[in-house]
Amino acid sequence: MVDRNGNEVGRYYKEHPAPSEIRNNGIDTEYANENQDVYVVELEGLRFGFRTCYDFYFYEDIIKMAREKLDVIIGCSYQRTDTHQALEIMNRFLAYNTNAWLLRSSISLGKDSLVCGCSMVVSPNGTIVANMKNEVGIKVVEFNPKEKYYKSSGFNGGLKSHYEYVDEGRDYKS
């Protein structure tokens, strides 16, 4: 990740290489053998998190990401075996459960393909603001990265993000 002046401010390494990548390419995955903290880059008052390809499938990381109070998750992914519908579900789930904006880029398998693609922007409430599916080109979206989504956390519970509401239940002692 680079700042406005082109200076490197962070470098994210894919957390979970797919087993087929390891078998077929013999890549060094020593760095991925231990449970890792969420990698966060702070830049201009914003907190950025990252997902790459296979990382999107590790749902157990979502709560760790949420607790980092990210503003934006930058994701790039091929995911050539997932339908547009599945990708939309996964990406809405990620944004909603982390209360962060998701900016996901992908590649196209051709305009008629119903799998892969889905470069998209998803808001913290799970709304898909833009989805290119398998279009090729650039989509420009304006949004406020500090905009969050809060909901009632049960009867008289006040407003909380979804993960805060769930965490409250995890920590509740009667």
Side-chain angles (χ1 to χ4, degrees), residues 1-18 29-79 82 87-107 117-132 138-154 157-172:
M1 183 167 196
V2 296
D3 66 14
R4 291 178 192 262
N5 298 317
N7 301 310
E8 185 177 303
V9 294
R11 185 178 289 206
Y12 173 75
Y13 294 95
K14 184 177 182 179
E15 237 177 285
H16 304 284
T29 59
E30 186 68 29
Y31 73 92
N33 291 338
E34 296 179 23
N35 192 10
Q36 300 179 30
D37 292 332
V38 175
Y39 183 70
V40 177
V41 171
E42 291 191 48
L43 180 63
E44 297 184 18
L46 297 174
R47 294 176 60 78
F48 293 87
F50 305 88
R51 296 280 83 183
T52 304
C53 291
Y54 199 49
D55 297 346
F56 275 89
Y57 296 119
F58 286 79
Y59 301 128
E60 62 272 22
D61 290 348
I62 291 175
I63 189 60
K64 293 190 301 186
M65 294 180 83
R67 290 174 179 157
E68 289 294 332
K69 299 193 180 306
L70 301 172
D71 297 301
V72 177
I73 298 170
I74 298 172
C76 61
S77 185
Y78 192 15
Q79 292 174 307
D82 283 304
L87 293 169
E88 289 170 0
I89 291 167
M90 289 174 10
N91 293 310
R92 293 176 78 185
F93 184 84
L94 175 60
Y96 181 76
N97 281 282
T98 58
N99 205 23
W101 286 85
L102 173 61
L103 309 179
R104 180 187 189 278
S105 69
S106 188
I107 63 167
C118 290
S119 292
M120 66 176 70
V121 176
V122 184
S123 76
N125 72 5
T127 299
I128 297 174
V129 177
N131 183 354
M132 294 181 67
I138 296 173
K139 180 81 72 172
V140 176
V141 174
E142 288 189 34
F143 65 95
N144 176 357
K146 288 292 190 179
E147 180 184 314
K148 301 293 184 178
Y149 176 69
Y150 299 99
K151 64 180 187 173
S152 174
S153 60
L159 295 178
K160 292 191 170 129
S161 66
H162 180 70
Y163 75 85
E164 289 170 323
Y165 175 52
V166 174
D167 265 358
E168 183 179 50
R170 285 185 180 103
D171 296 336
Y172 181 75

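The analysis underlying the following values was restricted to heavy atoms, covering all of them including side chains, and did not include hydrogens, waters or symmetry mates. What you see is a predicted model; the values in this text were computed from it and never measured.
Between Glu164 and Lys69, at least one side-chain N (NZ, or NE/NH1/NH2) sits under 4.0 Å from a carboxylate O, which counts as a salt bridge. The pair Lys160-Asp167 does not count as a salt bridge, with every side-chain nitrogen at least 4.0 angstrom from each carboxylate oxygen.
Within the model, atoms CE of Met132 and CD1 of Ile138 stand 8.0 Å from one another, a figure rounded to the nearest 0.5 Å. Of the inter-residue distances, the one linking Asp71 atom CG with Asn144 atom CG reads 9.0 Å to the nearest 0.5 angstrom. Atoms CG and CG, on Asp3 and Leu43 in that order, are 6.0 Å from each other to the nearest 0.5 Å. Annotation: the span from Ser153 atom OG to Glu168 atom CD amounts to 5.5 Å, rounded to 0.5 Å. Atoms CD1 and OH, on Ile107 and Tyr78 in that order, are 4.0 Å from each other to the nearest 0.5 Å.
For Phe143, the ring-ring contact (aromatic ring centres under 6.0 Å, His included) partners at least two apart in sequence or on another chain are Trp101.
In terms of heavy atoms, Gly117 sits closest to Leu87 at O-CD1, 3.9 Å. Smallest separation of non-hydrogen atoms from Ala130 and Lys139: CB-CG, 4.0 Å. When all heavy atoms of Ser161 and Asn99 are compared, the pair lying nearest together is CB-ND2, 3.5 Å. The two atoms that bring Ala66 and Thr98 nearest to each other are CB-CA, 3.8 Å, heavy atoms only. Scanning both residues, Tyr163 and Ile63, for their nearest heavy atoms gives CB-CD1, 3.9 Å. Closest approach of Ala95 and Ser123 over heavy atoms only: CB-O, 3.3 Å.
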Check against side chain to side chain contact (heavy atoms under 4.5 Å, CB included), Leu102 and Arg92: CA-CA 8 Å; Leu102 173 61; Arg92 293 176 78 185; over 6 Å; no
Side chain to side chain contact (heavy atoms under 4.5 Å, CB included) between Cys118 and Ser106, intermediate numbers included: CA-CA 6 Å; Cys118 290; Ser106 188; 5.8 Å; no
Residue pair Ile62, Phe93: steps toward the side chain to side chain contact (heavy atoms under 4.5 Å, CB included) verdict: CA-CA 9 Å; Ile62 291 175; Phe93 184 84; 3.6 Å; yes
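Using cut-offs of 30° and 60° for the angle between ring planes, the Tyr12 and Phe50 rings count as parallel.
At a cut-off of 3.5 Å, with distance as the only test, a side-chain donor of Asp82 or Tyr57 sits close to an acceptor on the other residue.
A cation-pi arrangement is found for Arg104 relative to Phe56, the charged atom lying closer than 6.0 Å to the ring centre and inside a 45° cone about the ring normal.
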